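All heavy atoms count here, side chains included; hydrogens, waters and symmetry mates do not. In this text, all values refer to a predicted model and were calculated from it rather than measured experimentally.
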Amino acid sequence: QVQVEESGGGLVQIGGSLRLSCTASGTTGKVYGMGWFRQAPGKEREFVAAIGRSDDTTRYSGAAEGRFTISRAGARNSVYLQMNNLQPEDTAVYYCAADRVRVGPVVRVDYWGQGTQVTVSS
């Protein structure tokens, strides 16, 4: 059984940076597409970034492109989300996700983490 766990959220000033971490466990012998979504207060969950299961191709939302970077960390089913130049509109609960095929851009994946809060303020 696959479990997804993310961490690294917190309070950051406008223009600051955070790095989120995520690991999908129970994945021995398999590789997964990995990625990130977020859900702001009063809004639907939306796609942020993803990395491919086999070819490591990356994909970003328009809001994330140029500011956020997804990368693999050690184990293949572990990823980072480096977030730079954070803005108030980035405030949300960030969810890590894993999928047997791919993550994003649609909000439909096999496995979800519980989320980590990111708050951006001056």
Side-chain angles (χ1 to χ4, degrees):
Q1 181 173 327
V2 175
Q3 295 188 93
V4 179
E5 183 175 355
E6 63 272 85
S7 63
L11 177 64
V12 64
Q13 296 180 0
I14 294 173
S17 299
L18 283 174
R19 188 177 74 174
L20 307 182
S21 300
C22 174
T23 296
S25 61
T27 60
T28 301
K30 301 177 182 178
V31 293
Y32 291 79
M34 302 288 294
W36 297 89
F37 297 79
R38 68 186 184 186
Q39 188 165 13
K43 294 186 177 181
E44 297 297 316
R45 193 169 298 186
E46 66 179 18
F47 171 73
V48 176
I51 189 163
R53 177 179 66 85
S54 59
D55 62 4
D56 289 342
T57 299
T58 57
R59 178 190 292 270
Y60 299 94
S61 69
E65 186 175 3
R67 297 189 298 126
F68 296 2
T69 302
I70 186 170
S71 61
R72 294 196 179 278
R76 187 161 189 83
N77 296 319
S78 295
V79 293
Y80 295 126
L81 182 67
Q82 179 67 44
M83 304 187 294
N84 297 326
N85 192 25
L86 285 161
Q87 302 298 311
E89 55 265 36
D90 296 315
T91 295
V93 176
Y94 282 70
Y95 296 90
C96 187
D99 193 271
R100 292 169 293 173
V101 180
R102 70 179 65 84
V103 170
V106 298
V107 187
R108 182 181 179 183
V109 298
D110 291 331
Y111 310 102
W112 290 102
Q114 294 300 307
T116 184
Q117 177 71 48
V118 172
T119 302
V120 184
S121 178
S122 63

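Put simply, the side chain of T23 never gets that close to the backbone of E5: no donor and acceptor are under 3.5 Å apart. The backbone N or O of D110 lies less than 3.5 Å from a partner atom in the side chain of D99, making a donor-acceptor pair.
When side chains are defined from C-beta on, V12 does not count as touching S17, because their heavy atoms never get closer than 4.5 Å. The side-chain heavy atoms of V118 and L20, taken from C-beta on, include a pair separated by under 4.5 Å. Side chains of R38 and E46 form a contact here, defined as non-hydrogen atoms less than 4.5 Å apart. Using a 4.5 Å heavy-atom threshold, the side chains of R59 and P105 count as touching. No side-chain heavy atom of E6 sits under 4.5 Å from any side-chain heavy atom of Y94. A heavy-atom distance below 4.5 Å is not found between the side chains of T116 and S7. Counting heavy atoms from C-beta on, the side chains of P88 and I14 come closer than 4.5 Å. For the pair R72/I51, a side-chain contact is recorded, criterion being any heavy-atom separation below 4.5 Å from C-beta on.
The two residues L11 and S121 come nearest to each other via the heavy atoms CD1-CB, 4.4 Å. Listed here is the closest heavy atom pair of L18 and G8: CD2-O, 4.0 Å.
Within a 6.0 Å sphere centred on CD of E44, other residues, nucleotides and ligands contribute 12 heavy atoms or fewer. The 12-atom threshold is exceeded at CD of Q117, counting heavy atoms of other residues, nucleotides or ligands nearer than 6.0 Å. Other residues, nucleotides and ligands contribute over 12 non-hydrogen atoms within 6.0 Å of the CD atom of Q87.
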Would you check, one step at a time, whether the test side-chain contact (heavy atoms from CB on, under 4.5 Å) holds for Y60 with I70?
CA-CA 9 Å; Y60 299 94; I70 186 170; 3.6 Å; yes

If you apply the rule side-chain contact (heavy atoms from CB on, under 4.5 Å), what do you find for V4 with Y95, and how did you get there?
CA-CA 9 Å; V4 179; Y95 296 90; over 6 Å; no

Stepwise side-chain contact (heavy atoms from CB on, under 4.5 Å) test for R45 and W112
CA-CA 12 Å; R45 193 169 298 186; W112 290 102; 3.4 Å; yes

Pair R100, K30 - check side-chain contact (heavy atoms from CB on, under 4.5 Å), show working.
CA-CA 9 Å; R100 292 169 293 173; K30 301 177 182 178; over 6 Å; no

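Put simply, CZ on F37 and OG on S61 are 10.5 Å apart, with the number rounded to the nearest 0.5 Å.
Follow the hydrophobic side-chain contacts under 4.5 Å out from M83 and you reach M34 in the same cluster.
For Y32, the ring-ring contact (aromatic ring centres under 6.0 Å, His included) criterion is met by no residue, not counting sequence neighbours.
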